[in-house]
Amino acid sequence: MEISIVGSGYVGTTIAACFAEVGHDVVNVDIDEEIVETINDGRAPIHEPGLDELVVEHAGDRLRATTDYGAVRDTDATFLALPTPSEADGHIDLSIMEAGARSLGAALAEKDDYHVVVTKSTVVPTTTEEVIAPILAEESGKVLGQDLGIGMNPEFLREGSAVSDFLDPDKIVLGAESDRAKATLRGVFEPLAERAGEPPIVETGVAEAEMIKYANNGFLAAKISLANDLANICKEYGIDSEEVLEAIGLDHRIGAAFLGAGVGWGGSCFPKDVAAIIAAARDVGYEPAMLQAAVEVNDRQPVRLLELLRGHVDPDGARVAVLGLAFKPGTDDIRNSRALPLVDALVDAGADVVGYDPVATENFRERYPDIDYAETAEAALDDADAALVVTDWPEFADLDEAFDAMATPIVVDGRRIVTRREGIVYESLV
Ligand SMILES: NC(=O)c1ccc[n+]([C@@H]2O[C@H](COP(=O)([O-])OP(=O)(O)OC[C@H]3O[C@@H](n4cnc5c(N)ncnc54)[C@H](O)[C@@H]3O)[C@@H](O)[C@H]2O)c1
Ligand SMILES: O=c1ccn([C@@H]2O[C@H](COP(=O)(O)OP(=O)(O)O[C@H]3O[C@H](CO)[C@@H](O)[C@H](O)[C@H]3O)[C@@H](O)[C@H]2O)c(=O)[nH]1
């Protein structure tokens, strides 16, 4: 099939390259000329394992990119993979989606045939039908259900494993407003589902598909927060939280995934999506107590980590190494990283901060140009008065003699990754 994807970021580029990989002809539309050129040159504009290889293989053949929305007219379906950030009060900010829908609708005005538009972005329930579809209809002059079909296909890929998550999904959710739109969506996913060994395909309504995405992310974020709540109780009793969480994870009704206790969840999705569904729920008159509690526990974890640090050293004037700046291992993304509130608080307290991350240093430096950065974890620890471990990069588990070079070997571990041993003053958050 001929597919267009509007937006060429983490999601748009990944799904474009993967759709090309399963045999579709794909065009990426983005307003960023540099991104468009990068893809057409056969390179991925973002860092994701396996993505470069797919772009190299398909660019110039089944995959191309353009800034011209007119390219959508030669395709059967368009996926909107545009950002849906948060407003200051947590509500979803739909301005980019609305602008994209306007440009798409205007381009579709010159297409006579039936066309399906699918929301891939994470949007609060009813957005596709009540905000996006009316803009498309108005700009294109098309009539919903006649020459315009609408769908919603939430995306569950994780950064750092985006390609393999997309090509081998646990489930595929297809929301559509009509049987005809659903049939187009089925056609798009058929080759992928076959290659992935026929994962469950959930066919549902558009608003249900929108809500499934928030329910998924809300549940996972709340699961981590519940693990953190339980681990905090363990800490007060001097009980080993890892043993407790591993044991409960063996119950198939609970499951071991996403019970990793520590300094909490960050990233480009969980914080904004949980905030957006909480704000949306309040708008329709419901107070989502569990999700709100999940946020509160999450916000307190970095505060607890600093309290532990203060129990060992006064940050004022102390040299504090912050190990891990990315929001999770395997990515250079620092959006909503737990390192942000921690570095803010350390700087406010008068600490002399030295940050280290295997790949996220440059992104962090753009935001915090005034703290020190080290090339290696060893260099960050050298002469430091204390170390805070914020991201669970596997290399931190191998650190050993480097702690001996610290002025005082105080290690406060937010991810329970450093091996405790004689000679280190070790304190784990959980
Ligand atoms: N990043 C993830 O892991 C992930 C996973 C699942 C779902 N999502 C959701 O997918 C959506 C996209 O997220 P992302 O991380 O890919 O965003 P992103 O910021 O990485 O990429 C968005 C792209 O859209 C382009 N763009 C902006 N305005 C445009 C316009 N008017 N027309 C065309 N292109 C335009 C930007 O240049 C950018 O390349 C969001 O709703 C997000 O919540 C993200
Ligand atoms: O047991 C765990 C697992 C994760 N995290 C933290 O949770 C955050 C999110 O991690 P992860 O879910 O692996 O990364 P994302 O790339 O943000 O992916 C989430 O957000 C995406 C965007 O919506 C969804 O598509 C994915 O399904 C969903 O997992 C990170 O800060 C992790 O450190 C923990 O603290 N403990």
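Only this structure's heavy atoms are used, side chains among them; waters, hydrogens and symmetry mates stay out. Just so you know, ligand 1 is whichever comes first in the structure, and atom 1 is the first atom listed for that ligand.
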### Task
Measure the distances from the heavy atoms of Phe156 to every atom of ligand 1 and state whether one is below 4.0 angstrom.
no

### Residue portion contacting ligand 1 (non-hydrogen atoms closer than 4.0 Å) for Cys269
side chain

### Message
Checking a contact table here: which protein heavy atom is nearest atom 9 (C) of ligand 1, and how many Å away?
### Response
Thr122 OG1, 3.6 Å

### Task
Flag the pair Arg304 and Glu236 as a salt bridge only when some basic side-chain nitrogen lies within less than 4.0 angstrom of an acidic carboxylate oxygen.
yes

### Message
Under the rule for side chain to side chain donor-acceptor pair (under 3.5 Å), what residues qualify as partners of Arg420, not counting sequence neighbours?
### Response
none

### Phe258 ring center near Phe219 ring center (under 6.0 Å)
no

### Task
Check whether any N or O atom of Lys272, backbone or side chain, sits under 3.5 Å from an N or O atom of ligand 1, and answer yes or no.
yes

### Task
State whether Glu307 and Arg310 are salt-bridged, where the test is any N-O pair (Lys NZ or Arg NE/NH1/NH2 against Asp/Glu carboxylate O) under 4.0 Å.
no

### Query
Would Tyr368 and Asp344 satisfy side-chain hydrogen bond (donor to acceptor under 3.5 Å, both in side chains), going step by step from the backbone distance to the final call?
CA-CA 9 Å; Tyr368 293 91; Asp344 279 337; 2.7 Å; yes

### Task
Determine whether any heavy atom of Pro83 lies closer than 4.0 Å to an atom of ligand 1.
yes

### Taking atom 33 (C) of ligand 1 as the reference point, the nearest protein heavy atom with its distance
Tyr69 OH, 3.3 Å

### Element-labelled atoms of ligand 1 that are located less than 4.0 Å from some non-hydrogen atom of Val6
33 (C)

### Task
Give a yes or no on whether a salt bridge exists between Glu159 and Lys328, defined as a side-chain N under 4.0 angstrom from a carboxylate O.
no

### Task
Using distance alone, determine whether Ile96 and ligand 1 share an N or O pair under 3.5 Å.
no

#### Entry: Pairs touching residues 73-102 that satisfy salt bridge (charged side-chain N to carboxylate O under 4.0 Å, His left out), sequence neighbours left out
Arg73-Glu110

### Summary
min-distance protein heavy atom vs atom 4 (C) of ligand 1 -> Val11 CG2, 3.4 Å

### Query
Where is the nearest protein heavy atom to atom 20 (O) of ligand 1: which residue, which atom, and how far?
Tyr10 N, 3.1 Å

## Note on the structure
among protein heavy atoms, the one nearest atom 37 (O) of ligand 1 is Asp30 OD1, 2.7 Å

For residues 115-123, which side-chain donor-acceptor pairs fall under 3.5 Å, sequence neighbours excluded?
unit_1, atom_1, unit_2, atom_2, d
His115, ND1, Thr75, O, 3.2
His115, ND1, Lys111, NZ, 2.8
His115, NE2, Thr78, OG1, 2.6
Thr119, OG1, Thr128, OG1, 3.0
Lys120, NZ, Asn153, O, 3.3
Lys120, NZ, Asn153, OD1, 2.6
Lys120, NZ, Glu155, OE1, 2.7
Ser121, OG, Leu80, O, 3.2
Ser121, OG, Leu82, N, 2.9
Ser121, OG, Leu82, O, 2.6

### Query
Taking atom types as modelled, is there a side-chain donor on His47 or Asp52 under 3.5 Å from an acceptor on the other?
no

#### Entry: Distance from atom 26 (N) of ligand 1 to nearest protein heavy atom, with residue and atom
Leu82 CD2, 3.6 Å

### Query
Lys120 to ligand 1: N or O pair under 3.5 Å?
no

### Which atom of Gly7 lies closest to which atom of Asn28, heavy atoms considered
O-ND2, 3.7 Å

### Task
For ligand 1, find out whether one of its N or O atoms is nearer than 3.5 Å to an N or O atom of Lys213.
no

### Task
Could you see which bit of Ser121 sits under 4.0 Å from ligand 1, with heavy atoms only: side chain, backbone, both or neither?
both

### Residues Asp165 and Arg158 bridged, charged N to O under 4.0 Å
yes

### Query
What is the closest protein heavy atom to atom 1 (N) of ligand 1, and at what distance does it sit?
Glu159 OE2, 3.2 Å

### Message
Tell me whether Arg415 contacts the main-chain N or O of Val390 through its side chain, where contact means a donor paired with an acceptor under 3.5 Å.
### Response
yes

### Query
Do the ring centers of Phe166 and Phe19 come within less than 6.0 Å of each other?
yes

### Query
Does ligand 1 have a heavy atom under 4.0 Å from the side chain of Ile35, from its backbone, from both, or from neither?
side chain

### Task
Please work out whether any backbone atom (N, CA, C, O) or any side-chain heavy atom from C-beta onward of Phe166 is under 4.0 Å from ligand 1, and answer side chain, backbone, both or neither.
neither

### Message
Any carboxylate oxygen within less than 4.0 angstrom of a Lys/Arg side-chain nitrogen, looking at Arg62 and Glu21?
### Response
no

### Query
When only distance counts, is Asp32 in polar contact with ligand 1, meaning an N/O pair under 3.5 Å?
no

### Task
Check each protein residue for a heavy atom under 4.0 Å from ligand 2 and list those that pass, ordered by chain and number.
Glu155, Phe156, Leu157, Arg158, Glu159, Lys213, Asn217, Ile224, Phe258, Leu259, Gly260, Gly264, Trp265, Gly266, Cys269, Phe270, Asp273, Phe327, Lys328, Arg415

### Summary
for atom 6 (C) of ligand 1, nearest protein heavy atom and its distance come out as Glu155 O, 3.3 Å

### Message
Tell me whether Arg416 is salt-bridged to Asp240, with the criterion being a basic N under 4.0 Å from an acidic carboxylate O.
### Response
yes

#### Entry: Side chains of Glu2 and His24, donor plus acceptor under 3.5 Å
no

